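Below is one structure, written out as structure tokens; comments come after it.
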Amino acid sequence: MCGIVGYIGEGEAQPILLSGLKRLEYRGYDSSGIALISPQKNSISIRKSPGKISALEKLVKSKPLSGLVGIAHTRWATHGAPTQANAHPHHDCSGSIAIVHNGIIENYESLKAQLIKEGHVFNSQTDTEVIVHLIEKFYKNIPLEDAVCKALKLLVGSFAIGIISSKEPNKLIGARLGSPLIVGVGKGENFLASDVPAVLGFTKEVVFLDENEVAILDKDNFKISNLDGKTVFKKTTHINWDIAQAEKAGFAHFMLKEINEQPKILEGLINSRIHKETGRIFFKEQNIPEAKLKAAREIFIVACGTAYHAGMVAKYALESLCGIPAHIDVSSEFRYRDLLIGPDTLVIAISQSGETADTLAGIREAKRRGSTVISICNVLGSTLTRESDGIIYTHAGPEIGVASTKAYTAQLTALYLFAFYLAQVRGILPEARVKKLLDELRKIPGQQIEILKCAKSIAVLARRHSHLGSFLYLGRNINYPSALEGALKLKEISYIPAEGYAAGEMKHGPIALIDEYRAVVCIAPSSKVYEKMVSNIQEIRSRKGKIIAIATDGDREIKELTREVIYIPKTEEIFSPLLVALPLQLLAYHIAVKRGCDVDQPRNLAKSVTVE
Ligand code: AGP
């Protein structure tokens, strides 16, 4: 929900921290701040500002800071409005310790009351400020890292923190529990960051911290320990994508760039998981014994938002291809249910970021009940991947746009491939059928390219409807989740009320909404439920609803019912969500752009919901 960056080295820290913050702005952007240790005065100076990072840049331009050690933060408010006072970094009473934090301290009220009783003075409404005053309380004739560990042991909740102190100016401390934190390993300099893009411009060598680990950095070395100060050996990971991938590559927005990246990403995923000669599916990193997968008697999918919609599609695919019951729930419901799962349940957790608090809590509950957990995730080394029994990476590269696009179709593809893998392990699909289906799957990236070639006409259609005050999305069977996903895309970037519905439910309520002021997006590719969709469209037409249909190339019948048709290539029904997704993404994108919305950083949203 927030982005933190730390630097210790031989260069001026301010520009490095600001550039790192800008690459984390997708994590939260309602206020930001920076703190440096100024070598001359051996004291800490802080600058902070509400609003986006550009506001902070303006502030430090007028009142620059100098120093070789510092921390910085971009915030997505959880406790206290996004004001100057609540912006991070926060400092202790003496002003000699500063902290930045991503996460939520659940017991901060009781800790704050005790600290106030002991004479500490607070300047903000944040939970974070409690941490720095606790450190101050313990920081008496012991090293900074020891005082930090003492403080962290009293916290309940989640944190990724960066800390500096003017009493030990050659030290930068980081620690994490429940929120991501990495060490960037440089030459004569070291970094802390919430995510890899922040350091990629300086180093490709990173260390991913695990839960309850502390990083103690100076400009030439780093040490990782547990909260008891015991050294922990960590391997360094070489990041193989470059900063350019995290840039817009000439597109107007990250979201448009990421929509256009989908064919390449899916092609890479498909080709890297299907053996060229044998046609068998393989997952190097999934590492759950085949016997365990064979023994699973049911599947439970847990995810949030777009990932949840991918999971809904997977439910249809798993049941159809693997003959195994597949249940699904949003993570925030799953984690609090009286779950009837156990050792013979395979739990599939889907998460682009791998840091979604509810999904992490869900898998921890599942593991507590003895279930096996496999995660479908896009972020290497994220918490979800390190707590799952098995992993399938979607390798979609960094998804910077807050509205998920390429991660969604990459999740779908990984889930389809996993379904084939499961069917292969359980030996229940005739080889001829597998071959036919995989041949169709291999065509999808090229078919997506065909759709993207029509992006201009989709943009024109989108703009023609951008004035409408609300949208209804209807789909059936495996495209019912597509309707939910299309509605989510539109609402989260254009702020237009949009609702996804199972088309068969229309007469049970939503039909009351139909009139000439509302657009109804009808997802009607060729399928076993196509005729049912046509009936729905006729019902909408007779009530003057403005119909936008998504249909299969060559379908002339649908053209009789509405002028507004977006065609997609013909594919196996089971794979149609992979194609339907693109017109829905482009529709939402162009409507939002036409309405002047901040497409990449929509209001109130953050890329990763790392708190409940
Ligand atoms: C999708 O466009 C949204 N940004 C949001 O619903 C997202 O899918 C959800 O928060 C889950 O995130 P995750 O995949 O990182 O767990």
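No experiment lies behind these values; they were computed from the predicted model shown. For ligands, and for the atoms within them, numbers begin at 1 and follow the listed sequence. For the numbers below, each heavy atom of this structure counts, side chains included, while hydrogens, waters and symmetry mates do not.
- With hydrogens left out, the protein atom closest to atom 9 (C) of ligand 1 is Cys304 O, 3.8 Å, a heavy atom.
- Taking the centre and axis of the six-membered ring of Tyr495, the NZ or CZ atom of Arg603 falls inside the cone set by 45° and 6.0 Å.
- Ligand 1 places these atoms under 4.0 Å from at least one heavy atom of Ser351: 13 (P), 14 (O), 15 (O), 16 (O).
- The contact set between ligand 1 and Ser404, taken as ligand atoms under 4.0 Å from a residue heavy atom, comprises 1 (C), 2 (O).
- In this model, no donor atom of one side chain and acceptor atom of the other lie less than 3.5 Å apart for Glu485 and Tyr473.
- Distance from atom 3 (C) of ligand 1 to its nearest protein heavy atom, with residue and atom name: Glu492 OE1, 3.4 Å.
- When only non-hydrogen protein atoms are considered, atom 6 (O) of ligand 1 lies nearest to Gly305 CA, 3.2 Å.
- Under the 4.0 Å criterion applied to side-chain N and carboxylate O atoms, Lys264 and Glu267 are not assigned as salt-bridge partners.
- From the protein, the heavy atom lying nearest to atom 12 (O) of ligand 1 is Thr356 OG1, 3.6 Å.
- Below 4.0 Å from some heavy atom of Ala403 lie the following atoms of ligand 1, by number and element: 2 (O).
- The ligand atoms of ligand 1 that sit less than 4.0 angstrom from a heavy atom of Thr306 are 1 (C), 2 (O), 6 (O), 8 (O).
- Between Lys607 and Glu399, at least one side-chain nitrogen of the basic residue sits less than 4.0 Å from a carboxylate oxygen of the acidic one, meeting the salt-bridge criterion.
- Ranking protein heavy atoms by distance to atom 4 (N) of ligand 1, first place goes to Val402 O, 2.8 Å.
- For NZ of Lys204, the number of neighbouring non-hydrogen atoms (other residues, nucleotides, ligands) closer than 6.0 Å is greater than 12.
- A side-chain donor-acceptor contact under 3.5 Å links Glu355 and Thr383.
- Within the 6.0 Å centre-distance limit, the rings of His327 and Phe300 are counted as a close aromatic pair.
- Residue contacts with ligand 1 leave out Glu355, since none of its heavy atoms falls under 4.0 Å from the ligand.
- From the protein, the heavy atom lying nearest to atom 14 (O) of ligand 1 is Gln352 N, 2.7 Å.
- For Glu258 (side chain) and Gly401 (main-chain N/O), a donor-acceptor pair under 3.5 Å exists by modelled atom type.
- Judged by distance alone, the side chain of Asn102 and the main-chain N or O of Cys2 form a donor-acceptor pair under 3.5 Å.
- For atom 10 (O) of ligand 1, the closest heavy atom belonging to the protein is Val609 CG2, 4.0 Å.
- Nearest to atom 15 (O) of ligand 1 among the protein's heavy atoms is Ser353 OG, 2.7 Å.
- In Lys607, neither the side chain nor the backbone holds a heavy atom less than 4.0 Å from any atom of ligand 1.
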